[in-house]
Peer 1: 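Below you'll find the structure I mean.
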There are 2 protein chains.
Amino acid sequence: MMVSFAQSLATRFATLPEQLQVAARWIADHPQDVALLSMRDQARRAGVQPATMTRLAKALGYDGYDALRAQHAEVLRRDGQGLAATARRRRPLDANSHEAAAQALLTASADQILHLQSADNLAVLAKAAAQIAMARRIYCLGQRSSYPIAWHFHYALSLITDRVQLLDGSGAVGLDVLTHAVPGDVLFVCGVAPYTRAVVEATLQAQADGLRIVAVTDSPMSPLATQQGCVLIAPTESASFLHAMTPAFAIADCLAALVARAEDPAMLVRLEGLDRQLAARNTYLPKTQKGST
Amino acid sequence: MMVSFAQSLATRFATLPEQLQVAARWIADHPQDVALLSMRDQARRAGVQPATMTRLAKALGYDGYDALRAQHAEVLRRDGQGLAATARRRRPLDANSHEAAAQALLTASADQILHLQSADNLAVLAKAAAQIAMARRIYCLGQRSSYPIAWHFHYALSLITDRVQLLDGSGAVGLDVLTHAVPGDVLFVCGVAPYTRAVVEATLQAQADGLRIVAVTDSPMSPLATQQGCVLIAPTESASFLHAMTPAFAIADCLAALVARAEDPAMLVRLEGLDRQLAARNTYLPKTQKGST
DNA sequence: TATGTAGTGAAACATTTGTTGCAAAATGTT
DNA sequence: AACATTTTGCAACAAATGTTTCACTACATA
């Protein structure tokens with residue numbers, strides 16, 4: 001399996017001889033240029049002999065410099081056509097227009113979601129998904145702006161399992177359901193500043209009772225960011241004074257999909273069955289139908 | 001001032017000889033490769049002679065192929081630094097791991113949100129925001145997977161105005177509230193396939209009653225995509241078999257922020273007042289407090 | 001038909017490319 | 001101090017690069 005350049009570089013860097021370090025440092029500082037300039041050019045700019053670049057490549061386990069270059073080119077290529085391509089095609093807009101504001105907000109959202117992909121976050125997501133997949137029972141909690149996240153997560157999971165339960169205030173039942181929880185059950189909780197006291201207290205209590213916590217919150221310093229549990233940080237900064245909840249929602253969306261992945265394949269059939277069931281009950285409309293006059 | 005390659009190509013294309021057109025078309029289709037592959041490689045892939053590439057470059061006013069390549073490299077370099085920079089720093093992961101799946105899902109979400117920024121969509125967002133800002137009353141509707149979107153939009157708006165109302169089934173009131181609506185009121189509705197019949201019918205009825213419709217849906221062919229109203233298309237494709245609702249949520253998030261922008265500045269004060277009010281009631285916890293032992 | 005022009009393909013061109021062999025220098029070890 | 005290793009710089013290498021030249025074709029105009 002192939003390891004990324006940055007990674008293999010970081011591990012080996014300290015053990016490399018002086019000249020190779022010079023070369024490596026330059027490459028690390030100019031990753032875009034690796035695929036765009038000739039090796040000799042890069043050697044010149046790094047202040048190193050051409051041979052050094054080849055030697056570095058081999059020292060890092062590549063066949064030659066071209067192999068290293070190919071990897072960098074691949075990344076450059078993919079990024080170029082995918083994500084940034086849309087952004088590049090933008091038209092300049094009047095800075096004060098709603099259009100410009102909308103563009104800025106959406107770009108910020110996309111950017112925030114991109115930044116969720118840190119190695120840490122991914123690892124926590126994976127761990128949380130595994131815990132949820134194994135759990136006897138999953139409780140979902142979130143109030144105010146976090147309510148849609150909890151609801152969505154609950155709904156998505158309810159399509160693939162009956163082990164999930166939403167802790168909302170409907171009928172004033174709310175948090176009391178947690179009294180039936182047993183150690184090993186999972187509490188999926190979402191909360192951002194200003195934190196709702198009831199949610200925080202319920203979470204702490206649940207943790208004390210031995211439940212596993214999967215928390216989506218806005219800061220590592222959040223009261224929901226318990227040290228033992230799975231903590232997923234979703235930024236809420238926004239150009240507006242309203243909290244941006246899209247990143248948190250994206251995490252819930254993603255986590256639900258991961259859990260679905262982990263569940264047994266029979267659930268796919270079950271899900272299709274649900275669609276058919278709903279269609280039969282006339283709850284849904286066929287997709288082809290058009291709603292205009 | 002430098003003219004973009006695509007532009008100078010488009011103007012001259014028709015007047016170019018046959019082989020040069022073949023080469024030009026390939027370049028237009030593979031702009032990322034221009035700087036990444038050797039000219040001879042590109043000629044091979046385009047199915048033309050190497051000489052043709054040089055001739056094309058000169059025909060377009062460049063000194064040689066390297067000049068053309070340099071321009072493409074510049075674009076590639078610049079794009080790499082911006083939005084996609086985070087994505088580039090990724091580590092390659094085991095393809096079957098939860099981490100890899102999470103990464104793919106999040107990237108897809110970010111990508112989908114970026115693609116919401118078409119000129120059309122932005123214009124519709126602006127129009128919808130304007131209508132909502134002016135409306136006497138705003139009703140929010142959405143069921144099943146669309147419920148969190150409607151709820152979130154309702155909640156966000158409720159922070160800045162009291163003219164908004166959620167149409168949910170709690171207490172079996174639901175859609176009956178719409179009977180009090182008058183022409184000019186706005187119905188914010190969210191729905192994706194398979195469409196809930198009740199939602200579609202309520203929307204059509206509301207439109208017939210003279211309400212303005214702001215619809216978030218998954219396709220221009222959706223029954224909610226009425227011709228008169230503001231239709232916002234949010235893709236739901238996902239690697240999972242669960243619908244991706246993040247784009248729709250992002251739209252709601254963005255639209256709420258736009259409306260907030262349009263409202264009068266006094267609301268800012270009102271919002272701060274709300275925070276203080278909630279803090280006083282001990283509903284919320286102060287942010288600094290840490291919830292660990 | 002003859003003639004000029006533009007387009008094309010193939011080969012040859014001088015450079016530049018990435019790599020490697022080898023000797024000098026630097027480094028650490030006995 | 002003597003040794004073995006590693007690291008470095010230089011030069012040479014074959015391979016590939018971008019370009020140019022030239023002969024040939026196709027097609028228009030006279």
Side-chain angles (χ1 to χ4, degrees), chain A residues 2 5 8-9 11-77, chain B residues 5 8-9 11-28 30-77:
Chain A
M2 201 195 285
F5 175 80
S8 68
L9 182 60
T11 49
R12 302 223 199 182
F13 184 81
T15 73
L16 290 175
E18 186 187 340
Q19 288 299 108
L20 295 199
Q21 289 200 1
V22 175
R25 197 186 312 276
W26 187 91
I27 292 185
D29 290 344
H30 304 82
Q32 310 103 1
D33 290 327
V34 172
L36 261 21
L37 267 41
S38 81
M39 184 214 77
R40 287 181 113 100
D41 237 7
Q42 299 174 48
R44 227 165 293 148
R45 302 192 187 202
V48 169
Q49 293 265 349
T52 307
M53 304 301 266
T54 297
R55 287 168 181 151
L56 174 63
K58 298 208 166 183
L60 295 176
Y62 296 89
D63 273 354
Y65 202 81
D66 280 332
L68 203 169
R69 161 194 299 249
Q71 192 176 116
H72 281 255
E74 198 41 53
V75 176
L76 211 54
R77 211 192 306 263
Chain B
F5 174 79
S8 71
L9 181 59
T11 50
R12 303 221 199 184
F13 184 81
T15 72
L16 291 175
E18 185 187 340
Q19 289 298 300
L20 295 198
Q21 288 200 1
V22 174
R25 197 187 314 274
W26 187 91
I27 291 184
H30 304 82
Q32 316 96 2
D33 289 327
V34 172
L36 259 21
L37 266 42
S38 80
M39 184 215 76
R40 285 183 113 98
D41 239 7
Q42 298 173 48
R44 227 164 297 152
R45 302 190 188 204
V48 296
Q49 294 264 347
T52 307
M53 305 301 266
T54 297
R55 289 171 180 149
L56 173 63
K58 299 209 165 181
L60 295 176
Y62 296 88
D63 273 355
Y65 202 81
D66 281 331
L68 202 168
R69 158 193 300 245
Q71 194 177 120
H72 282 255
E74 199 42 54
V75 174
L76 213 53
R77 217 188 302 263

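The sequence lines fix the lettering, A, B, ..., with proteins before strands; numbering per chain opens at 1. Reckoned from all heavy atoms, side chains included, excluding hydrogens, waters and symmetry mates.
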Peer 1: Rounded to the Å, how far apart are A:L37 CG and C:dT17 C1'?
Peer 2: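 Answer to the nearest Å: 13 Å.
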
Peer 1: For residues B:Q71 and B:V34, determine if any side-chain heavy atom of one lies less than 4.5 Å from a side-chain heavy atom of the other.
Peer 2: no

Peer 1: Could one point to a donor on the side chain of B:R55 or the base of D:dG18 with an acceptor on the other under 3.5 Å away?
Peer 2: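 A donor-acceptor contact between them is absent.
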
Peer 1: Treat primed atoms plus P, OP1 and OP2 as sugar-phosphate and everything else as base, then score nucleotides 12-17 of chain D 5' to 3': B for base contact with protein heavy atoms under 4.0 Å, S for sugar-phosphate contact only, - for none.
Peer 2: -----B

Peer 1: Without decimals, in angstroms, what is the distance between A:Y65 OH and C:dT19 C1'?
Peer 2: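 Going from OH in A:Y65 over to C1' in C:dT19 covers 14 Å.
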
Peer 1: So, taking the atom named CE in B:M53 and the one named CZ in B:R69, what distance separates them when rounded to the nearest 0.5 Å?
Peer 2: 9.5 Å

Peer 1: What integer distance in Å separates A:M53:CE from D:dT8:C1'?
Peer 2: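 It is 15 Å, rounded to the nearest whole Å.
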
Peer 1: Without decimals, in angstroms, what is the distance between A:E18 CD and D:dG9 C1'?
Peer 2: 13 Å

Peer 1: Figure out the CD/P separation between A:Q42 and C:dG18, and round it to whole Å.
Peer 2: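 Rounded to the whole Å, the gap is 8 Å.
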
Peer 1: About how many Å separate CZ of B:R55 and CD of B:Q49, when rounded to the nearest 0.5 Å?
Peer 2: 8.0 Å

Peer 1: Whether A:T54 contacts C:dG18 is assessed here as follows: a side-chain N or O lying under 4.0 Å from the phosphate OP1 or OP2. Is that the case?
Peer 2: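 Checking A:T54 against C:dG18: no side-chain N or O falls below 4.0 Å of OP1 or OP2.
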
Peer 1: Using 0.5 Å steps for rounding, measure from the CD1 atom of A:I27 to the CZ atom of A:R25.
Peer 2: 12.0 Å

Peer 1: Which part of the nucleic acid, if any, lies within reach of A:Q19 when heavy atoms closer than 4.0 Å are counted: base, sugar-phosphate only, or nothing?
Peer 2: sugar-phosphate

Peer 1: Can you confirm whether B:L36 sits close enough to A:L36 that some side-chain heavy atom of one is under 4.5 Å from a side-chain heavy atom of the other?
Peer 2: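 When only atoms from C-beta onward are counted, A:L36 and B:L36 do touch, with a gap below 4.5 Å.
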
Peer 1: To the nearest Å, give me how far apart CG (B:L56) and P (D:dT19) are.
Peer 2: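 One finds 11 Å between P of D:dT19 and CG of B:L56, rounded.
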
Peer 1: How many whole angstroms separate atom CD of A:Q49 from atom P of C:dC22?
Peer 2: 18 Å

Peer 1: Does B:K58 put a side-chain nitrogen or oxygen below 4.0 Å from OP1 or OP2 of D:dT20?
Peer 2: yes

Peer 1: Between C:dT8, D:dT20, D:dG18, which nucleotide gets closest to the side-chain atoms of B:A51?
Peer 2: D:dT20

Peer 1: Is A:R45 close to A:L37 at the side-chain level, that is, under 4.5 Å between some pair of heavy atoms?
Peer 2: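 Heavy-atom side-chain distance check passes, below 4.5 Å.
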
Peer 1: So do B:L56 and B:V48 actually touch side chain to side chain, heavy atoms under 4.5 Å?
Peer 2: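 Side-chain contact under 4.5 Å: no.
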
Peer 1: Consider the side chain of B:L20, meaning its heavy atoms from C-beta on, and name the nucleotide among D:dT19, C:dT8, D:dC10 that approaches it most closely.
Peer 2: C:dT8

Peer 1: Just the rounded figure in Å: distance from P of D:dT7 to CD of A:Q21.
Peer 2: 11 Å

